[in-house]
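Shown below is the structure under consideration.
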Amino acid sequence: MTNLVEIRDLKVEAKTDSGRIVEIIKGVSFDVAEGEIVALIGESGSGKTTVALTLMGHARPGCRISGGSVRVAGKDMVQLSEKARARVRGTEVSYVPQSAAAAFNPAATIMEQVIEITRIHDLMPAAEAKARAIELFRALSLPEPDTIGNRYPHQVSGGQLQRLSAAMALIGDPKIVIFDEPTTALDVTTQIEVLRAFKAVMRRGGIAGVYVSHDLAVVAQIADRIVVLKGGEVQEAGSTEQILSDAKHPYTRELLAAFEPKARGAAPVVSQVRPILEIENIVAGYGTIQSNGLPLICAVRSVSLTVEKGRNLGIIGESGCGKSTLARTIAGILPTCGGRVIFDGQELAPSASKRTHEQLREMQIVFQYADTALNPAKSIEDIIARPLSFYHGMYGAARDKRITALLDMVQLPASVRNRRPAELSGGQKQRVNFARALAADPKLILCDEITSALDTVVAAAVIELLKELQRELGLSYIFISHDISVVEAICDEIVVMYAGEKVEQVIPSTAGKRPHHPYSQLLFSSVPKLDPHWLDGLERDPELVRAYCQR
Amino acid sequence: MTTDTAKTPAAGRLGYRFNLVGMLALAVILLWGLVAVFAHLLTPYPVGDIVDVDYFGPMSKQFWLGSDYLGRDIFSRIVMGARYTVGISVAAVAIACTTGVVLGMIAAVSGGWTDTLLSRFLDAMSSIPSKLFGLVVVAAVGSSIPVLIITLSVIYIPGAYRFARALAVNINAMDFITVARTRGENVFYIIRSEILPNILGPVLADLGLRFVFIVLLLSGLSFLGLGVQPPYADWGALVRENIGGLPFGAPAVMFPSIAIASLTISVNLLIDNLPNKIRDRSAQ
Amino acid sequence: MNHRILSLVMSRLLITAITLVIVSFAVFFATMMLPGDTATILLGQAATPEAVAGLRTAMHLDEPAVIRFIRWFGGLLTGDLGTSYANDMPIADLIAGRFINTLKLAGVTALFSVPIALTLGITAAMMRGSLYDRIVTVLTIGVISVPEFMVATSAVLLFAVYLKWLPALSFANEVHSITDLLRVYAMPVVTLTFVVSAQMIRMTRAAVVETLNTPYVEMALLKGASRKRIVLKHALPNALGPIVNAVALSLSYLLGGVIIVETIFNYPGIAKLMVDAVATRDLPLIQSCAMIFCVGYLILITLADILAILSNPRLR
């Protein structure tokens, strides 16, 4: 039996901003058999999406397929004319994009776009196509399958759009579907539904797939085989079982190691002194204050929590649950509408501009995107130097020495000093971001999703660094994340938030305790495990899912 | 995320790569700048003197670009006119952009009422057509070089303001500004040290565009007789003086026009050929 | 959904109203800066102080500027534009015929420039990077970069001097036949069309190029859609708002262009009237003409914004 897809020695070139040509895919080869789902896994910049797009003969603007062959059902997509490629797209190979929200044309109804492939290639009459689309909507367990197609893209949720884009890909009965990180933008509880729908439809139709992802656990649920990419080259390829249990390549092992649950280690003895931070009944939100004293859009509703000195508190929840707003409120970026923030025994003013120098210095906040958190026009040295001179009045040689020490602390080479943020990798930037917070000599650091934009392996290293610094400096962290495994790796206690409220405060599951609240249970059970049978074995209470996953 | 974003640090800050068109445009701009500065050394004849027996004389060895409606040397008058056109425009664009950019950054960083009031007022100002505004003010106050400079800069402050504000609002939404605020930094520090360096590139490109607008408006006003007053003349006034030569295509009316076009087209071409990096950093 | 659009449109109209007040304030006070006493200027240096004082009272010149502004603004709203200083005629009568002439000029220009500009702008965007696109881009930059009077003088040189197709001057009052009509309007319209189209082409092209760079256009490509289908079904419906906006904004350039063009071609429109009024320092006439231009401009930019709101599919 010949393979459906045979990629041989594929090379792709890209033109950089400065006009240089670089090879971003350096001779990739792999096959996909009929009905088989192959996952392309790798970190950002590994070239996985670029490779996947070549299956449709497409290279993004600025890129060019420069060598090799991509045979799909016997046709070499590299050699075909643009017209011939267009005939294959949608009928034999189709595509599910990473962000369905951006890939739907805002000016046309969903149905028009879902059945567009049948119109373009003249596959069937419109009525038949519509009936087929509704069938697919039902198969993908979309709500109101008969009428959802009449809506415009902005009128349905992200999770639904993602499934609708799968319907769009499947309508032309393709032999193979490319999934480009289709669940990355979704919350974990929604991700499960979408993954299940994909898996069921693909299995029923015996359709082959190429599933692009950075998440090994997600891939483990859906793929038959895994191809690990790094730097535009295949590092390792094998069946899912084989990769998960017996990885050969060091990079694959690193990826796997990042998944291993790491206990926080022995929590320091709780000291008798007062807690570092106490929050009482905080209310915060956006918009004008209404007559009932609440803001127009209330993002945080009466949340209380306590952080003991030297201990870490995690705050988890899905997008829109108010966890980031809570962090901003504590830091005084968004003033509270009610409740008190008591820091080290002193009540803090709601707004940062009313807080004292010392209060500001002792509580630092580190943001998710190091790209926007570091001024691109300044050198790393200038970025770290500012808090030193601002808070400690340090200049000249003393400041220089301290900068060296701080860079050393976050394990960055001294050579980055004179570079600008754009010249650093994501992980390095996040370390600089952290070094700037450390420069203030804080007692408490608020970490707002600081590992979310990083690749798994890099994130794990940053978490290790944070733990180490805590041991050395006796810091406390508030760790905000949607990623439960990250929070469990570093926190002593975890607060679960839902719709602006604190649902429950739990001890990490690595300590052997189970959450009680139904939402926490749903949330914790939705985190994909490396076990390939996890998704099939997962049972969820449909009532609960309906109650908590409207998105 | 698909393309490799490996950057060459060397091509980063100063080593912008210009293409040929950009280089040529830059050369023309520099040439006119030098002419404006050294005008008094370059004129073969005194600007006001009638040196040709003929009027609207043709191009000749003696009078390179012919003579005007009184028989004055056009080459000398264009060289001297560069001083007025370039000088007034540069002064006006400097005032307009400095004021606009400073106000724009203040509005973006302060937000609230300062922003609303400034924006509303300057938006209203920009809904007066520029040529009309110039016409009314110059008619009212009379034309002199300081009045022209101030009028031209007032007309283009709203545009510079709006542009700088839009850029600064984008930068202001970034986390490093939030970090600076929670550090306790004052507005002045944030504007000077965090925002300005990040909007400088696009602001300079915008300054070039606005320079073109100002040259065009100044020429237009002079053409209407409201700009630089006789016996002095900028390029627009030269066209006005010699418009009588148009029916027979006299060089006296062609060359001042060509001078204006060479300057404005060069600036536009230079900006169009700047690397994207400086042109729209806001899009990042 | 619909009342969201309505409230957005209403708030835009409110902003226009506020802007109108600020603008008329600015126009009023700009003309107030005129040096010398209006009454003295009107009566001449030889007038007796009593006569000057009498005229001042009659013209309410003694009252504070704000009161005069309110009186003037009230007059504007009720259609009372005041009396011309220069020839003592009601300004409304002076303006009426001229205003219609200018509107005709603007209308004919729009009729030509909108279809030309949209075609060139959209096709250039579709063929981005091609020779055709580059030629269109260079030409538009060229036209945008030169003063309007230069476009006008070049047109005269080309059509009147070298080709001898058209007369250099126009007199709208001597129209007897269609050929006359053509000859009268041709030069001003040709000039204005060049100026306005260049702006419109540039903005239209930018709007279409922007939509062509969106993920949903890439998606359409990956569905196997043809170039024609991608542009017609996906790019254009979404670029419609920005394009209409560009058209309205570009037409506002007409107002600046009309001042120069009417002067050069001696066209009896409102801009020519105003330039003449500037020469005679006829204050009420300048104010009224200026206000007509400002209102026209305001209407166009407000229209541009409202059309942008209406065509946003996300607000549907």
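Labels below follow one simple rule: chain letters A, B, ... track the order of the sequence lines, proteins then strands, and each chain is numbered from 1. Only a predicted model underlies this, so the values are computations on that prediction, with no experimental measurement involved.
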Run the side chain to side chain contact (heavy atoms under 4.5 Å, CB included) check on C:Ile15 and B:Arg120 step by step: do they pass? CA-CA 8 Å; C:Ile15 289 172; B:Arg120 270 287 78 75; 3.6 Å; yes

Would you say that more than 12 heavy atoms from the other residues, nucleotides or ligands in this model lie under 6.0 Å from the CZ of C:Phe69, or not?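 Counting neighbours around CZ of C:Phe69, more than 12 heavy atoms of other residues, nucleotides or ligands fall under 6.0 Å, so yes.
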
Contacting region of C:Phe293 [heavy-atom separation from chain B under 4.5 Å]: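 Contact with chain B is through both the backbone and side chain of C:Phe293.
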
To check you understand the geometry: which heavy-atom pair defines the closest contact between C:Met150 and B:Ala261, and what is its length? CE-CB, 3.7 Å

Applying the side-chain contact (heavy atoms from CB on, under 4.5 Å) criterion to C:Ser145, which one of B:Thr264, B:Leu269, B:Ile260 satisfies it? B:Thr264

Side chain, backbone, both or neither: which part of B:Leu226 has a non-hydrogen atom closer than 4.5 Å to chain C?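 The side chain, not the backbone.
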
Looking at B:Arg162, I'd like to know if its CZ atom is crowded, meaning that more than 12 non-hydrogen atoms belonging to other residues, nucleotides or ligands lie closer than 6.0 Å.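 For B:Arg162, atom CZ is not crowded (no more than 12 foreign heavy atoms under 6.0 Å).
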
Could you grab the distance from atom CD1 of C:Ile144 to atom CZ of B:Phe213, nearest 0.5 Å is fine?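 The distance works out to 8.0 Å.
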
OG1 (C:Thr263) and CG (B:Leu224) are apart, to the nearest 0.5 Å, by 5.0 Å

Residue pair C:Tyr297, B:Ile128: steps toward the side chain to side chain contact (heavy atoms under 4.5 Å, CB included) verdict: CA-CA 7 Å; C:Tyr297 192 75; B:Ile128 303 177; over 6 Å; no

If I measure from the heavy atoms of chain C, does B:Leu263 come under 4.5 Å with its side chain, its backbone, both, or neither?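 For B:Leu263, neither part sits under 4.5 Å from chain C.
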
Minimum heavy-atom distance between C:Val23 and B:Ala124, given as atom pair plus value: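 Closest heavy-atom pair between C:Val23 and B:Ala124: CG2-O, 3.4 Å.
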
Interatomic distance, C:Ile260 atom CD1 to B:Leu221 atom CG [nearest 0.5 angstrom]: 7.5 Å

Should C:Met274 and B:Leu132 be marked as a side chain to side chain contact (heavy atoms under 4.5 Å, CB included) after you check the CA-CA gap, both sets of side-chain angles, and the distance that decides it? CA-CA 9 Å; C:Met274 179 165 165; B:Leu132 187 96; 3.5 Å; yes

Are more than 12 heavy atoms from other residues, nucleotides or ligands located less than 6.0 Å from atom CZ of C:Phe73?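 Atom CZ in C:Phe73 is packed in, count exceeds 12.
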
For the candidates C:Ile141, C:Val21, C:Val138, C:Leu298, which exhibits the highest count of non-hydrogen atom pairs separated by less than 4.5 Å from chain B?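 Of C:Ile141, C:Val21, C:Val138, C:Leu298, C:Ile141 has the most heavy-atom pairs under 4.5 Å with chain B.
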
What part of C:Thr153 gets closer than 4.5 Å to chain B, counting heavy atoms only: side chain, backbone, both or neither?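 C:Thr153 touches chain B through backbone and side-chain heavy atoms alike.
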
Do C:Val146 and B:Ile265 have side-chain heavy atoms sitting under 4.5 Å apart?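 Yes, their side chains come closer than 4.5 Å.
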
Taking atom CZ as the centre, does C:Phe194 end up with more than 12 heavy-atom neighbours from other residues, nucleotides or ligands that are less than 6.0 angstrom away? no

From B:Ile243 CD1 over to C:Ile264 CD1, what is the distance, rounded to the nearest 0.5 angstrom?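 If I round to the nearest 0.5 Å, the distance is 6.0 Å.
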
